[in-house]
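No experiment lies behind these values; they were computed from the predicted model shown. Lettering of chains follows the sequences in order, A, B, ..., and the numbering in each one begins at 1.
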Amino acid sequence: MKILLNAGQVRAAVDELVGQMAAATPAGTDIAVIGIKSRGEILAQRFSQKLTDKLGRDIPCGALDITLYRDDINDPHGKAQPTVRSTEIDFNIDGLIIILVDDVLETGRSIRAAMDALIDLGRPRAIRLAVLIDRGHRELPIQADFYSCKVDVPQDESVEVSLVETDDVDQVAVSKG
Amino acid sequence: MIRRNTKFNWKRKHLLSLRDLSRQELEHIFETAKGFEQFSTRSIKKAPTLRGKVMVNMFFEDSTRTRISFSLAASRLSADIVDFTKKSSSVSKGETLIDTARNLEAMGIDIVVIRHNAGGAAKLLSRSINACVVNAGDGFNEHPTQGLLDVYTIVKEKGSLEGLKIGIVGDIAHSRVARSNIWAMTKLGAEVTLVGPPTLMPAKVDQLPVNVSYNLDDVIENLDVINMLRIQFERMGGNPFPSVREYSHFFGLTVERAQRAKPGMLVMHPGPINRGLEMESEVADGEKSVILKQVANGLAIRMAVLFLVNQAAMQEGKK
C-alpha cells in the first residue's frame with residue numbers, strides 16, 4: 001500500500017477545491033453541493049461548510065444514493081452486491097447549479113448514474129463535477145470541472161479514500177488488487 | 001446521517017416465509033426499504049432498476065391491496081407487469097399450478113408473485129421453476145410481505161421491537177398474517193400475545209413462541225401495539241362464535257377499550273376492515289391508528305423485496 005495523500009494533504013486538497021468552486025461561482029448564483037454516497041457525501045458536507053463560510057451565505061448540502069441507477073445492477077458479471085441507501089436532499093434542485101461530489105473519478109459510470117438520479121428529482125440549471133482524485137481509465141465521455149489531483153494508477157490497483165468520519169483517518173492510498 | 005458501510009449479501013432469490021429468515025436478513029430488508037420510501041414524494045416516481053424484467057401477479061384468491069401494491073412497486077422499478085387471475089385463465093380448464101407457471105416462464109418472466117389458497121403453494125412453485133418466487137399469501141401459512149410491512153411500521157413508529165408487548169387479536173386460526181407476524185416480531189425481540197376465542201386459535205398454538213389469552217380486557221392495558229385481524233367468514237366452516245355481536249362485544253376494539261390502553265399504543269389492521277365488527281370506526285380512523293401508514297410502508301417493502309430477489313437471482317447466474 002502506498003500513501004498518495006496524508007491527512008494534511010487531504011485537508012489542503014479540500015481547501016483548494018473549495019477555492020476553485022468559489023472562484024467559478026459568480027455572485028448571486030444559487031448553488032448546492034450534492035455528494036454521492038458514501039465518501040462523496042462526507043466530502044460534500046466539508047465543501048458546503050467551507051463554501052458557506054467563504055461566500056457568506058448558506059450553501060445547501062445533500063446526499064445521493066445511485067444504486068438504483070447503476071448500469072451493472074442486472075449484469076451477471078458485476079462485482080459486489082450494492083446496498084440501497086437513501087437519497088437525502090431536502091431542498092428543491094430546480095434551477096440550481098449543482099456541484100456533484102465524488103471521491104474518485106475512474107470510469108465515469110457512477111457519474112452517469114448520478115446525473116440520471118438527479119434529473120429524476122428535478123431540473124437543475126447546470127451540473128458540475130468535483131472529485132478529489134482523477135485516476136484515469138474513463139469509459140464514458142465525462143470529465144471533472146474541479147479536481148485536486150490527477151494520478152496514473154494501473155487498472156489492477158485501487159485508489160482508496162479514507163475519511164475521518166467513517167474510517168478514523170484522512171488519507172488516500174493506492175493498493176494492489 | 002452517515003452510516004459505515006455494512007456489507008451484507010442477500011442470497012435468497014425467493015421470499016417464501018418469514019419463519020426462514022434470520023434477524024439480520026429482516027433488518028437488511030428494512031434498511032433497503034428505507035431507501036425506497038422517498039419515491040412517493042419525488043417528481044418522477046420511477047427508477048430504471050428492473051428495466052426489462054417481467055413480473056407476473058399470479059393471484060388465485062381475491063386481493064386489492066397486495067396485488068396493487070406489488071404492481072405499483074414493480075412499475076416504480078420499471079419492470080413490466082403481467083396480471084393473471086384464476087377466473088379468466090386456463091386454470092378453469094384444469095391446468096395445474098406448476099404447468100401454468102412453467103408456461104409463463106417459457107415466455108420469459110423473471111419474478112412470480114403468487115397468492116394461493118393452499119399452504120406451501122409458493123414453496124412448491126419455487127422448486128419447479130427458475131424464476132424468483134415471492135409469496136403473497138399461501139393458505140393459512142404465511143403472508144411474508146404483510147408481516148414485513150407490519151413490523152417495519154412498528155420499527156418506524158417505536159424505534160425498535162425490543163421488549164415491546166404486542167397483541168394479535170381475533171381470527172388467528174385462519175390468519176396467515178398472524179403467522180408471519182409472530183415469526184418476525186419474536187425474532188426482533190417483541191413479546192407476542194394472541195388474543196381471541198379458543199375456537200379461533202390455531203391447532204398446536206402451544207408450539208408457537210407466544211402467550212395466549214382468551215380475554216382482551218385482561219391484556220389491553222399492557223399492550224404497546226395491537227394488531228386487529230379480520231374475521232375471515234369466507235374460510236370458516238361451522239360456527240366459531242355464537243353471534244357477530246357477541247364476538248365484537250368480547251373481542252372488538254371499541255372506543256372504550258382503546259381509551260383504557262396506553263396513550264402511545266399503535267392500532268394496526270392488515271385490511272380489509274369489517275368496520276363495527278373487529279374495530280369501531282372511531283378507532284380505525286383515530287389518532288392511534290397507523291392503518292394507512294401500513295399501506296404506504298407496504299409499497300417500500302415490496303420494492304425492496306423485488307429488488308433483493310432480483311439481485312440474488314443475478315448473483316446466482318454469475319456462478
Enquirer: Could you check whether atom CZ of A/R57 has more than 12 heavy atoms from other residues, nucleotides or ligands sitting under 6.0 Å from it?
Expert: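 Yes, the 6.0 Å shell around CZ holds more than 12 heavy atoms from other groups.
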Enquirer: Is the number of heavy atoms from other residues, nucleotides or ligands under 6.0 Å of A/E139 CD greater than 12?
Expert: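 Yes - once you tally the heavy atoms of other residues, nucleotides and ligands closer than 6.0 Å, there are more than 12.
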Enquirer: Would you mind checking which part of A/D65 comes under 4.5 Å of any heavy atom in chain B, side chain (CB onward), backbone (N, CA, C, O), both or neither?
Expert: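 For A/D65, there is no contact with chain B at all, as no heavy atom is under 4.5 Å.
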Enquirer: side-chain contact (heavy atoms from CB on, under 4.5 Å) between B/Q38 and A/S86: does it pass, once the steps are laid out?
Expert: CA-CA 8 Å; B/Q38 19 138 5; A/S86 8; 4.3 Å; yes
Enquirer: Of the backbone (N, CA, C, O) and the side chain (C-beta and beyond), which part of B/K53 lies under 4.5 Å from a heavy atom of chain A, both, or neither?
Expert: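 For B/K53, side-chain heavy atoms alone lie under 4.5 Å from chain A.
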Enquirer: I'd like to know whether CG of A/D53 has more than 12 heavy-atom contacts from other residues, nucleotides or ligands below 6.0 angstrom.
Expert: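 It does: A/D53 CG has more than 12 such atoms within range.
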Enquirer: So, B/Q311 side chain and A/T83 main chain: donor-acceptor pair closer than 3.5 Å or not?
Expert: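 The answer is no, because no donor-acceptor pair under 3.5 Å joins these two groups.
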Enquirer: State whether the number of non-hydrogen atoms from other residues, nucleotides or ligands found under 6.0 Å of A/Y147 atom OH is greater than 12.
Expert: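 Check fails, neighbour count at 12 or below.
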Enquirer: For a side chain to side chain contact (heavy atoms under 4.5 Å, CB included) with B/R42, tell me which candidate from A/L121, A/I89, A/T87 qualifies.
Expert: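 Exactly one option meets the side chain to side chain contact (heavy atoms under 4.5 Å, CB included) with B/R42, and it is A/L121.
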Enquirer: NZ of B/K293: more than 12 outside heavy atoms within 6.0 angstrom?
Expert: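 Incorrect, the count does not exceed 12.
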Enquirer: Please step through side-chain contact (heavy atoms from CB on, under 4.5 Å) for the pair B/F36 and A/V84, ending with a clear verdict.
Expert: CA-CA 8 Å; B/F36 286 112; A/V84 178; 4.2 Å; yes
